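Right, one structure below, let's go through it.
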Amino acid sequence: MPAARFAANADRARRPSLARRAGSALAAAVLGVTVAATSIPAFAKGPESLADLAEKVTDAVVNISASTTVEAKSSGRSLPQLPQGTPFEDLFEEFFKRRGQGQGTPRSEEDSPRSPSRKSNSLGSGFIIDASGIVVTNNHVIGDANDIQVILSDGVKLKAEIVGKDPKLDLAVLRVKPTTERPLKAVPFGDSDKMRPGDWVMAIGNPFGLGGSVSAGIVSARGRNIESGPYDNYIQTDAAINKGNSGGPLFNMDGEVIGINTAILSPSGGSVGIGFAVPSGTASPVVEQLRQFGEVRRGWLGVRIQNVDDATAEALGLKGGAKGALVAGIDEKGPAKTAGLEVGDVIVKFNGVPVKSSSELPRIVAATPVGKQVDVQVVRKGEEQTKSVLLGRLEDGEKTQVANAKQPEAEPVNRQILGLNLTGLSDEARKRYNIKETVKSGVVVTKVDPNSTAADKRIQAGEVIVEVGQEAVSTPADVTKRVEALKKEGRKSVLLLVASLSGDVRFVAIGLD
């Protein structure tokens with residue numbers, strides 16, 4: 001059912017209930033029954049008006065027009081190609097079809113099949129943070145555009161140049177040259193950390209090309225992870241955000257920007273009351289780096305991590321339950337290796353900031369200055385330790401490398417334990433299962449009982465068990481010995497370090513029933 005119809009139906013569904021309440025109250029009055037004031041339901045009341053606030057900040061909100069010159073298709077009738085990831089494809093496809101582009105006779109020589117190139121356009125929003133001409137928007141709004149215009153609230157168009165872009169946070173900083181006749185108005189960043197679910201917010205932007213549109217709502221939630229990137233930490237709002245609002249500001253009631261509208265969740269393509277904004281607390285430092293360096297310089301620890309669930313926490317002897325980020329791999333040339341961090345460590349605090357889950361650590365590390373010496377608190381075999389790490393710089397394309405270990409002598413004997421059939425890591429087993437050369441030691445899984453916990457945890461034949469209970473194993477006998485020792489210690493689960501078919505390692509907790 002379309003969103004509009006759903007909303008209308010839901011509204012109609014509510015009306016009889018309200019009518020019945022009103023009818024009951026009227027009947028009670030007619031019968032002379034006094035109705036207590038406390039029986040009347042309370043309804044949330046928003047600000048009386050946002051007109052003053054909107055008037056105060058509107059001139060700082062701009063429309064962004066980005067044009068990209070692309071090679072024409074051989075037929076000359078294809079639609080303009082928008083930057084990958086932009087939320088405007090559907091909108092502009094329909095727009096250009098209505099204008100006759102993409103079908104029928106080209107409108108001009110520029111649209112002719114003989115033309116060697118054509119332009120594609122995208123529209124979005126932005127806002128001015130410095131009256132000298134600094135504008136913030138989303139990276140996907142400008143894409144790879146070679147012609148960008150910033151359109152002020154009164155229609156004045158200013159040519160913009162790119163100061164810097166950050167695809168990981170989907171942010172871009174532009175610069176325009178203001179004129180003496182038309183000075184620019186700027187808005188400040190506010191403190192997004194102070195925003196609570198239920199606080200009122202206002203969005204201004206350019207939805208569907210309708211510039212200067214104001215919508216209002218509340219903060220619906222904080223810390224949303226929509227799996228759009230490594231640093232997801234979105235503010236969710238029910239203020240109407242549509243295609244074209246991207247890059248626009250989300251204001252608090254003091255006229256400060258506490259979020260940058262970036263994405264919507266919508267089965268219909270329009271607003272259904274679930275929009276997402278990059279918090280100012282996350283965006284502001286990145287914007288400053290883009291202004292200063294033209295690029296983002298993020299801290300780098302050099303670890304591959306995974307989340308800690310209850311079973312893993314118990315197997316690790318982690319006090320206080322599931323928390324922190326479990327180190328599943330360490331880059332041989334990374335800062336963590338130099339500082340003495342090890343696979344199996346659980347990072348519970350970084351630079352004085354508690355790490356509640358693995359998703360938080362990348363954001364904390366990335367926001368820490370490159371070259372800073374920081375304390376990293378880890379839990380190793382049930383004991384807390386503090387390591388001092390000199391942060392490196394995160395480079396695009398870096399991948400975690402699994403530490404090399406000494407090649408063991410393979411044990412040809414098969415054993416079964418934990419629902420797994422095991423054999424030594426022989427040349428024959430390596431060839432049979434195509435085990436990667438990066439996996440230097442361990443015990444090969446040859447069969448998995450489909451009714452076992454190991455099968456539920458998706459362990460597969462051909463994978464290699466590298467550690468059991470945070471101790472390296474090289475033969476099936478080592479696995480059996482270690483499991484029995486853990487049972488005697490009263491452990492309810494055992495933590496396995498497993499190398500996958502692709503060579504990546506992960507921790508898997510198996511119950512010891």
Side-chain angles (χ1 to χ4, degrees), residues 304 306 308 311-318 326-330 332 340-346 379-383 401-449 452-513:
R304 186 169 63 82
Q306 69 180 67
V308 179
T312 303
E314 196 281 331
L316 289 168
L318 194 62
L326 178 59
V327 178
I330 296 181
E332 282 294 306
L341 269 70
E342 299 178 358
V343 171
D345 286 347
V346 180
V379 176
R380 179 179 298 173
K381 297 183 178 179
E383 300 295 329
Q401 300 176 354
V402 180
N404 292 335
K406 188 177 180 180
Q407 173 72 33
E409 294 184 4
E411 179 189 14
V413 180
N414 285 291
R415 296 201 180 195
Q416 186 177 45
I417 190 170
L418 301 174
L420 303 170
N421 283 24
L422 306 173
T423 191
L425 184 56
S426 62
D427 291 338
E428 181 181 351
R430 185 180 292 276
K431 183 177 180 181
R432 177 182 178 185
Y433 295 106
N434 194 27
I435 297 171
K436 303 295 183 182
E437 291 298 325
T438 53
V439 182
K440 302 297 183 181
S441 65
V443 180
V444 182
V445 177
T446 60
K447 185 178 180 182
V448 182
D449 183 346
S452 66
T453 304
D456 294 338
K457 295 297 181 72
R458 298 184 179 180
I459 295 179
Q460 305 176 49
E463 294 188 318
V464 178
I465 298 176
V466 180
E467 291 183 2
V468 177
Q470 296 184 280
E471 289 189 6
V473 293
S474 57
T475 68
D478 289 343
V479 177
T480 302
K481 181 179 179 181
R482 183 62 179 144
V483 169
E484 292 301 323
L486 292 171
K487 286 183 178 179
K488 290 180 180 179
E489 292 177 9
R491 294 291 182 89
K492 296 180 180 179
S493 58
V494 57
L495 194 67
L496 308 180
L497 181 61
V498 181
S500 69
L501 300 176
S502 63
D504 295 328
V505 295
R506 70 186 190 281
F507 283 99
V508 180
I510 304 292
L512 295 176
D513 296 331

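Just so it is clear, the values below take in all heavy atoms, side chains as well, and ignore hydrogens, waters and symmetry mates. Predicted model, so just to flag it, every value in this text is computed and none were measured.
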Full working for salt bridge (charged side-chain N to carboxylate O under 4.0 Å, His left out) between Glu463 and Arg506: CA-CA 11 Å; Glu463 294 188 318; Arg506 70 186 190 281; 3.1 Å; yes
Could you give me the CA-CA distance, side-chain angles and deciding distance for Asn434 and Leu501, then say whether side chain to side chain contact (heavy atoms under 4.5 Å, CB included) is met? CA-CA 8 Å; Asn434 194 27; Leu501 300 176; over 6 Å; no
Would you check, one step at a time, whether the test side-chain hydrogen bond (donor to acceptor under 3.5 Å, both in side chains) holds for Ser474 with Asp478? CA-CA 7 Å; Ser474 57; Asp478 289 343; 3.1 Å; yes
Val479 and Ile417: CA distance, side-chain angles, deciding distance, side chain to side chain contact (heavy atoms under 4.5 Å, CB included) verdict: CA-CA 8 Å; Val479 177; Ile417 190 170; 3.9 Å; yes
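Residues Ile459 and Leu496 are in side-chain contact: their nearest non-hydrogen atoms beyond the backbone lie under 4.5 Å apart. With a 4.5 Å cut-off on side-chain heavy atoms, Thr446 and Tyr433 count as touching. Val464 is not listed as a side-chain neighbour of Lys440, based on a closest heavy-atom distance of 4.5 Å or more. Thr423 places none of its side-chain heavy atoms less than 4.5 Å from the side chain of Val443. Side-chain contact check for Val346 versus Leu318: some heavy-atom pair is nearer than 4.5 Å. Between Leu512 and Leu418 there is a side-chain heavy-atom pair separated by less than 4.5 Å.
Within the 3.5 Å criterion, the main-chain N or O of Gly511 finds no donor-acceptor partner in the side chain of Thr453. A donor-acceptor pair under 3.5 Å links the side-chain atoms of Arg430 to the main chain of Lys436, judged by distance alone.
Pairing each heavy atom of Val327 with each of Phe507, the nearest pair is O-CE1, 3.0 Å. The nearest pair of heavy atoms linking Val439 to Leu425 is O-CD2, 4.0 Å. Residue Ser493 comes nearest to Ala311 through the heavy atom pair OG-O, 3.2 Å, listed as atom of the first residue, atom of the second, then distance. Ile435 and Ala429 get closest at one heavy-atom pair: CD1-O, 3.9 Å. Of all non-hydrogen atoms in Leu341 and Ile330, the two that sit nearest each other are O-CD1, 2.9 Å.
Not counting sequence neighbours, Glu467 has no partner by the salt bridge (charged side-chain N to carboxylate O under 4.0 Å, His left out) test.
Taken to the nearest 0.5 Å, the CD1 atom of Ile465 stands 13.5 Å off from the CZ atom of Arg482. The distance from atom CD1 of Ile510 to atom CG of Leu486, rounded to the nearest 0.5 Å, is 13.0 Å. Distance check: Leu497 CG to Glu471 CD gives 13.0 Å after rounding to the nearest 0.5 Å. For the atom pair CG of Leu326 and CZ of Arg304, the computed distance is 9.5 Å after rounding to the nearest 0.5 Å.
Few gaps surround CD on Glu489; more than 12 heavy atoms of other groups in view lie less than 6.0 Å from it.
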